[in-house]
Amino acid sequence: MGVIDLSVIAIFTFIVVSCGLSFSGAGKSLSGFFSAGGALPWWMSGLSLFMSFFSAGTFVVWGSIAYSYGWVAITIQWTMCIAGLLIGFFIAGKWQATQVLTAAEFIKIRLGLRVQKVYTVTFLIISTFSTGTFLYPVAKIVQVSTGIQITETIIILGLIILAYTAVGGLWAVIVTDILQFVVLTAAVLIVVPLALDRIGGLNEFIQQAPEDFFAPVAGEFTWSFIFAFGLFNLFFIAGNWAYIQRFTCVSTPKDAKKVAWLFAALYLVSPLIWMIAPMVYRLINPNLSISEAEGAYLLMCQEVLPAGMLGLIVAGMVFATSSSINTALNITAGVITNDVYRILRPKSSESHLVFVGRLATVLLGFGTITVALLVPFLGGVVNVVMTMAALTGGALFLPPVWLLFSRFQTGTSILATTFISLSVNIFFKFISPTLFNITLNRTEEMLLGVLLPALLLAIFEWRLRVRGHEAPGHKKIGEFSAEKIHEKNSSNLETKNTTENNRGIRVIAIGISAVGLTMFILGVTAETGTLIITTMGLAITAIALILLGKDKLFSRSN
């Protein structure tokens, strides 16, 4: 990677960090710091959900599958689209209607403080490990691209992400997510035509592709795996505490539905764009080993992108993955502040709670850096991620979603489901292979992880319904929601929230314009792809000007 590419990475880092730090004064209250006042525009929240779910692993893991097997990589990712649609129709609106600040608050009201404490401790442990596994692969990409050692990369990236997340709260997360979405989308769209042009166009790609390269399933990725992975994504997106925040920080249940549907729409289109490059690279270099195939996407980029654009796409991958990290840091700090510290110190002022939230973000950030440094000693990132998904996917994330629809589930039934499922999963993952020589393959592990908790919850639901005793927490959550809605209606938050929203749009527009100008300059000086790069740069700048124009129009009308 040359000086121009490194300079572009530095410029984009400056833009992202500056935009995030510009919200240092936005979080005056706990609600403002962790939920942007509960009135975030749905399109902002939807883009942030998309970027929070996305990571560099998309290009590394799914890119490797696309190179090796072809279209099945797209099929796998379309399960996320289906999950988003179902969540939009049936779940997202219900989360918003609860009026909670965090999922932990919902569990406390619905099931009681004892259950909430158990879930909070479990969530904090799993969240810290998961966030560390997000930080490691993005640091690996930087190491491969720049030559900087992995240890230094993890520490530097972790501190940068930690800084703007701790200072700006959810607004910093949202704004930087949208900037990252614009940059990554623009860069990926540029790669597609350049990659196809390298092999003679789309028709040549289709004709030269290996046999069954466009089959919907292949190898170990069977329809059974697709089904199990689809259920996992449904439970994970609907019940992950970080993603629940994207449904609760908007104004209405209808907006929450739109958040999920925007996520679904993006996952309908994006996999087609993402996976073309590694699939095309299979035709250029069909002899990559399994480990080398993980770099197929970046290798294709190196083949076709001019100076500077490779730096831009690496920066996009780095900060897109960082989105998953800053989202997890923000929501986890929110749980510690709102659902642990606030209970211990109920008379704390809003400013003090925001301070605690920032301090919690810092401490969690250091924990994330520590876990990322330990990943190589835990069997590698792929092993850690797959193990966490199989063990916790259904056991931890399905029960809260089930509670949205059940009047009868109790703290006992929910905790029993979680810990029975975790125990069985741990047994088949770590104990049965050694003691009984029984090993589950990836599909079987995933099916066990999602179907067992669903079965247990269904059994508990049937037994509790037969008894006919409605859980007292169901009435409490209804009363809580009604009280919160009344508070919002009687307060003068609309003007304040609108002002914050327009400030967010203004910062986004300024950041996007800087990116568009950078891309335009790269296009003008590029030896190849000048037209498409300059056109993309101008398009991004035009979007920024439209956003700035709307912001000025609103300011004049008020």
Side-chain angles (χ1 to χ4, degrees), residues 50 54 56-82 181-219 221 226 264-288 292-310 312-314 316-317 320 519-520 522-523 526-540 543:
F50 176 73
F54 171 90
T58 297
F59 296 107
V60 175
V61 177
W62 308 133
S64 173
I65 295 171
Y67 173 89
S68 302
Y69 297 103
W71 190 271
V72 65
I74 296 172
T75 304
I76 292 171
Q77 293 174 84
W78 272 348
T79 63
M80 303 161 195
C81 168
I82 296 171
F181 170 79
V182 171
V183 170
L184 194 65
T185 300
V188 169
L189 285 173
I190 290 170
V191 172
V192 172
L194 294 178
L196 290 172
D197 184 65
R198 177 57 61 91
I199 60 169
L202 180 60
N203 289 333
E204 285 296 317
F205 170 52
I206 295 173
Q207 292 175 10
Q208 295 179 30
E211 186 178 357
D212 295 330
F213 209 51
F214 297 100
V217 294
F221 304 104
I226 299 298
L266 291 170
Y267 256 106
L268 176 64
V269 178
S270 295
L272 293 168
I273 301 170
W274 293 336
M275 296 298 105
I276 287 177
M279 290 171 70
V280 169
Y281 195 72
R282 172 70 179 271
L283 276 63
I284 296 174
N285 183 0
N287 300 314
L288 295 182
E292 291 172 336
E294 294 179 352
Y297 193 93
L298 282 177
L299 291 171
M300 186 73 252
C301 291
Q302 291 173 353
E303 284 277 335
V304 299
L305 291 178
M309 284 305 301
L310 180 61
L312 190 63
I313 202 166
V314 169
M317 287 184 184
M519 188 172 290
F520 178 78
L522 290 175
E527 296 180 358
T528 59
T530 298
L531 179 60
I532 188 172
I533 296 172
T534 54
T535 301
M536 189 66 70
L538 289 172
I540 291 173
I543 293 172

> Where do Leu305 and Met300 land on the side chain to side chain contact (heavy atoms under 4.5 Å, CB included) test, with the steps shown first?
Replying inline: CA-CA 8 Å; Leu305 291 178; Met300 186 73 252; over 6 Å; no

> What's the shortest heavy-atom distance between Gly63 and Pro278, and which atoms?
Replying inline: O-CB, 3.4 Å

>> With rounding to the nearest 0.5 angstrom, report the OG1 to CH2 distance, Thr185 to Trp274.
In response: 8.0 Å

>> Treating Thr534 as the side-chain partner and Leu531 as the backbone partner, does any N or O pair qualify as donor plus acceptor under 3.5 Å?
In response: yes

>> Can you tell me how far apart CD1 (Ile284) and CD (Gln208) are? Round to the nearest 0.5 Å.
In response: 10.0 Å

> For the residue pair Phe50 and Ser270, what are the closest heavy atoms and their distance?
Replying inline: CZ-OG, 3.4 Å

> Quick one: does Tyr297's side chain get under 4.5 Å of Val191's, heavy atoms only?
Replying inline: yes

> Mind checking whether Phe213 and Trp71 have side chains closer than 4.5 Å, heavy atoms only?
Replying inline: no

>> With heavy-atom distances below 4.5 Å as the criterion, would you say the side chains of Leu283 and Pro210 are in contact?
In response: yes

> If you take all heavy atoms of Met519 and Ala186, which pair is closest and at what distance?
Replying inline: CE-CB, 3.8 Å

> Under the 3.5 angstrom rule, does the side chain of Gln77 hit a backbone N or O of Ala73 as a donor-acceptor pair?
Replying inline: yes

> Is there side-chain contact between Trp78 and Tyr267, with at least one heavy-atom pair below 4.5 Å?
Replying inline: no

> Going from CD1 on Ile532 to CG on Leu194, what distance comes out if it is rounded to the nearest 0.5 angstrom?
Replying inline: 5.5 Å

>> Is the shortest side-chain heavy-atom distance between Asn287 and Asn285 below 4.5 Å?
In response: yes

>> Let me confirm one number: the CE-CD1 distance from Met536 to Ile190, rounded to the nearest 0.5 Å.
In response: 5.0 Å

> At what distance, to the nearest 0.5 angstrom, does CG of Leu522 lie from CG of Leu310?
Replying inline: 11.5 Å

> Between atom CG of Leu196 and atom CG of Asn203, what is the distance when rounded to the nearest 0.5 Å?
Replying inline: 10.0 Å

> Is any side-chain heavy atom of Ile276 closer than 4.5 Å to a side-chain heavy atom of Met279?
Replying inline: no

> Is the distance between the ring centroids of Phe205 and Phe214 under 6.0 Å?
Replying inline: yes

> Is a side-chain donor or acceptor of Thr75 paired with a backbone partner of Pro216 at a separation under 3.5 angstrom?
Replying inline: yes

> Does the pair Tyr69 and Trp62 meet the rule for a ring pair (Phe, Tyr, Trp, His ring centres under 6.0 Å), with working shown?
Replying inline: CA-CA 10 Å; Tyr69 297 103; Trp62 308 133; over 10 Å; no

>> Can you confirm whether Ile533 sits close enough to Pro306 that some side-chain heavy atom of one is under 4.5 Å from a side-chain heavy atom of the other?
In response: yes

>> Testing the basics here: between Glu204 and Ile199, what is the closest heavy-atom pair and its distance to 0.1 Å?
In response: CB-O, 3.3 Å

> Where the side chain of Arg282 meets the backbone of Ser68, is there a donor-acceptor pair that is under 3.5 Å apart?
Replying inline: yes

>> I need the minimum non-hydrogen distance between Ile313 and Ala187, along with the two atoms involved.
In response: CG1-CB, 3.9 Å

> Heavy atoms, side chains only, cut-off 4.5 Å: are Val314 and Leu298 in contact?
Replying inline: yes

> Within the side chain of Tyr67, is there an N or O that forms a donor-acceptor pair under 3.5 Å with the backbone of Leu288?
Replying inline: yes

